[in-house]
Amino acid sequence: MSQRSQNGLTDLAEHVGSDAQEHPAGHGGGDGLVKPGYDDRLANTDLAPLKKQSWSAYNIFAFWMSDVHSVGGYVTAGALFSLGIASWQVLVSLVIGIGIVMVFCNLVAKPSQITGVPYPVINRAVFGVRGANLPAIIRGCIAIAWYGVQTYLASTSLMIIFLKFLPGSAALNETTFLGLSPLGYLCYAILWVAQAAVFWRGMEAIKRFIDWAGPAVYVVMIVLCVYLVAKAGIGNISLNLSSGEPLSLAASIPVMIAAIAAVVSYFSGPMLNFGDFSRYAKTFRSVRKGNWLGLPLNFLFFSILTVVTASATVPVFGELVTDPIETVQRIDSGFAILLGGLTFVIATVGINIVANFISPAFDFSNVNPRKISWRMGGMIAAVGSVVLTPWNWYNSSEGILFTLGILGALIGPLFGILIAGYYLISKQRVWVDDMYTMSTSGRYWFRNGYNPNAVASVIIGGLPAIALVLVGGVVWGGSTSAILSHAGDFSWFVGCGLGFLAFWLLERSRPVIGRLDEDRELCHDGQGQ
């Protein structure tokens, strides 16, 4: 990251008037222990190792409920059932895809849970104490873009409620400024403030929010499903949502592979971010149990609920509706619109806070812990999301491709490099105190604070992944081949594999990470856990 970028973030933090030490410990990103020897250019109470890890398996389970129960998750699961393959093949694809996600989440969770530090800090053991800003800023930029998109999606649900119960608000929807109507700005602002209010209260408040938000969304989705099934008549519902002829077994295999890739690609962001949450877990066993409940079991039930609901829209509305917001809007009941609209607002707010608010909070705080607290890091992301005017480019396939597509292609390499660095190169050994010193003799100072092998691996894994996204979107977007038309969904696998392999090979040929047998009694060793 350039000095100019660092200064820009610092200036914004100073302009708003926040300082990391202004907030009491335990009321922000965590009650971290800042030891006397820690350099304040690398540590504050949000980034330091936690004094106490208290999250249970249920809290991890609730985290995944908030991540899964969203408009995007609903549309993604429903879309898989319309790819032309049989329902059982879709379910198999979903199970395999989410199983892969669970395995990778367990891998990325372990180093943060063992050490009690968030994603950007654990990366110091791989990228160097300065170099860790590279993956942090990349991840932060992705989160800013998605934060704006999710807030915009939630605001459309809120607009439906306004238009239904306050007909006069329609006048605010007739003109636009910079691509959005006054009513759109009002709804966006309401949700922006609401999310910021929850976030500002700290991780404990966020934990309480997601603990009840996920189950609450389930209750309403079940009610919506039962209502539509009863209205349609159970005999009129077909679980085959494909509009064409069923595919043969041979022809369905590439489609199933594409469906698996789509599931993994959809969860690639939360996978990379998961260390920010696993750090709060009591034990790694709690993480594994929460992941088992929250991913295969929860996602499969959610997917079945989604397809039954989507199937019922065909006889009820005369066409397939996979967007839950549109489904609620078509129901001729004020109570249903109010309940459904508020539910999907809550669902979207839930995934937005856990997936796109918390991660940039840690990332931007990591740039300059002295000036940027966890709270301020999150607010930088929130303000940045408005500046991007996501409503303008989200509805453009080209806008998505050249923004989220390119940025998202870098998630795979960052994931692969961290996994290779922790498990293969460092052998699960981390010296936590060394991640908070700028001493040139520090274990993670490497070369002027950077690990050149890690930086090179981002480029080696990132460029082919970006190329695959661009070629897949521009050249193969209209292909009849399921593999080619979904090529962008494979960019995570390509980037992750190349980043993993490149870093492993570079560290073997010209090692930078070393001293693994020195001061073994002081390291956090994850082996055997």
Side-chain angles (χ1 to χ4, degrees), residues 1-2 42 103-104 107-108 110-112 114-115 117 119-139 141-142 268 271-272 275 363 366 406-432 434-435 437-469 490-520 523-527:
M1 182 185 179
S2 69
L42 296 172
V103 170
F104 284 138
L107 288 175
V108 82
K110 192 172 189 179
S112 285
I114 295 295
T115 58
V117 302
Y119 171 84
V121 174
I122 196 63
N123 263 296
R124 295 173 186 173
V126 178
F127 281 83
V129 291
R130 286 179 170 174
N133 279 326
L134 173 62
I137 295 305
I138 292 174
R139 192 182 73 146
C141 291
I142 297 171
S268 61
M271 277 196 297
L272 187 67
D363 292 332
N366 190 73
I406 292 176
L407 285 172
L410 297 175
I411 293 177
L414 297 182
F415 188 98
I417 293 166
L418 175 59
I419 298 305
Y422 178 72
Y423 288 94
L424 293 188
I425 308 303
S426 297
K427 300 178 182 178
Q428 302 187 47
R429 299 168 193 167
V430 179
W431 284 260
V432 172
D434 283 271
M435 294 192 291
T437 177
M438 294 285 276
S439 169
T440 56
S441 61
R443 191 182 303 268
Y444 302 123
W445 179 251
F446 299 140
R447 297 176 187 172
N448 201 32
Y450 295 84
N451 183 343
N453 290 339
V455 175
S457 297
V458 172
I459 298 172
I460 293 171
L463 290 181
I466 291 173
L468 185 59
V469 167
F490 292 90
S491 67
W492 184 90
F493 292 93
V494 171
C496 179
L498 289 177
F500 180 96
L501 188 61
F503 188 65
W504 177 59
L505 291 175
L506 287 172
E507 281 290 333
R508 289 194 65 181
S509 62
R510 50 179 193 187
V512 175
I513 297 176
R515 301 165 60 183
L516 297 180
D517 293 318
E518 181 182 316
D519 299 325
R520 284 284 303 274
C523 80
H524 286 64
D525 194 337
Q527 295 188 59

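Numbers here simply count residues along the sequence, with the first being 1.
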Quick check: does any side chain N or O of [X] sit under 3.5 Å from a backbone N or O of [Y], one acting as donor and the other as acceptor?
{"X": "Tyr422", "Y": "Val108", "answer": "no"}
{"X": "Asn453", "Y": "Arg510", "answer": "yes"}
{"X": "Lys427", "Y": "Leu516", "answer": "no"}
{"X": "Glu507", "Y": "Gly421", "answer": "no"}
{"X": "Asn451", "Y": "Gly128", "answer": "no"}
{"X": "Arg124", "Y": "Leu42", "answer": "yes"}

With side chains defined as the heavy atoms from C-beta onward, is the minimum distance between [X] and [Y] less than 4.5 Å?
{"X": "Met271", "Y": "Ile411", "result": "no"}
{"X": "Ile114", "Y": "Gln428", "result": "no"}
{"X": "Leu134", "Y": "Tyr450", "result": "no"}
{"X": "Pro452", "Y": "Val512", "result": "yes"}
{"X": "Ile137", "Y": "Asp363", "result": "no"}
{"X": "Phe503", "Y": "Ile419", "result": "no"}
{"X": "Phe446", "Y": "Phe127", "result": "no"}

Supply the atom-to-atom distance [X] [atom1] to [Y] [atom2], rounded to the nearest 0.5 angstrom.
{"X": "Leu410", "Y": "Ile142", "atom1": "CG", "atom2": "CD1", "answer": "6.0 Å"}
{"X": "Ser268", "Y": "Phe493", "atom1": "OG", "atom2": "CZ", "answer": "9.5 Å"}
{"X": "Asn123", "Y": "Leu414", "atom1": "CG", "atom2": "CG", "answer": "7.5 Å"}
{"X": "Leu505", "Y": "Phe500", "atom1": "CG", "atom2": "CZ", "answer": "9.5 Å"}
{"X": "Thr437", "Y": "Arg443", "atom1": "OG1", "atom2": "CZ", "answer": "11.5 Å"}
{"X": "Leu424", "Y": "Leu501", "atom1": "CG", "atom2": "CG", "answer": "10.5 Å"}

Quick check: closest heavy atoms across [X] and [Y], and the distance to 0.1 Å?
{"X": "Asp519", "Y": "Trp431", "result": "O-NE1, 2.8 Å"}
{"X": "Ala465", "Y": "Ala409", "result": "CB-O, 3.4 Å"}
{"X": "Ala125", "Y": "Ile513", "result": "O-CD1, 3.8 Å"}
{"X": "Ser112", "Y": "Gly275", "result": "CB-O, 3.2 Å"}
{"X": "Ile460", "Y": "Pro464", "result": "O-CD, 3.0 Å"}
{"X": "Pro120", "Y": "Ala136", "result": "CB-CB, 4.0 Å"}

Let me see the working for Leu418 and Tyr119 under side chain to side chain contact (heavy atoms under 4.5 Å, CB included), right down to the final yes or no.
-> CA-CA 10 Å; Leu418 175 59; Tyr119 171 84; 4.0 Å; yes
Apply side chain to side chain contact (heavy atoms under 4.5 Å, CB included) to the pair Asn366 and Asn133, showing each step before the final yes or no.
-> CA-CA 7 Å; Asn366 190 73; Asn133 279 326; 2.9 Å; yes
Going through the checks in order, is the side chain to side chain contact (heavy atoms under 4.5 Å, CB included) test met by Tyr423 and Lys110?
-> CA-CA 10 Å; Tyr423 288 94; Lys110 192 172 189 179; 3.3 Å; yes
Could you please spell out the steps behind the side chain to side chain contact (heavy atoms under 4.5 Å, CB included) verdict for Leu468 and Trp492?
-> CA-CA 10 Å; Leu468 185 59; Trp492 184 90; over 6 Å; no
Check each of His524, Gln527, Arg515 against Arg429 using the side chain to side chain contact (heavy atoms under 4.5 Å, CB included) test, and report the only one that passes.
->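 Among the candidates, only Gln527 passes.
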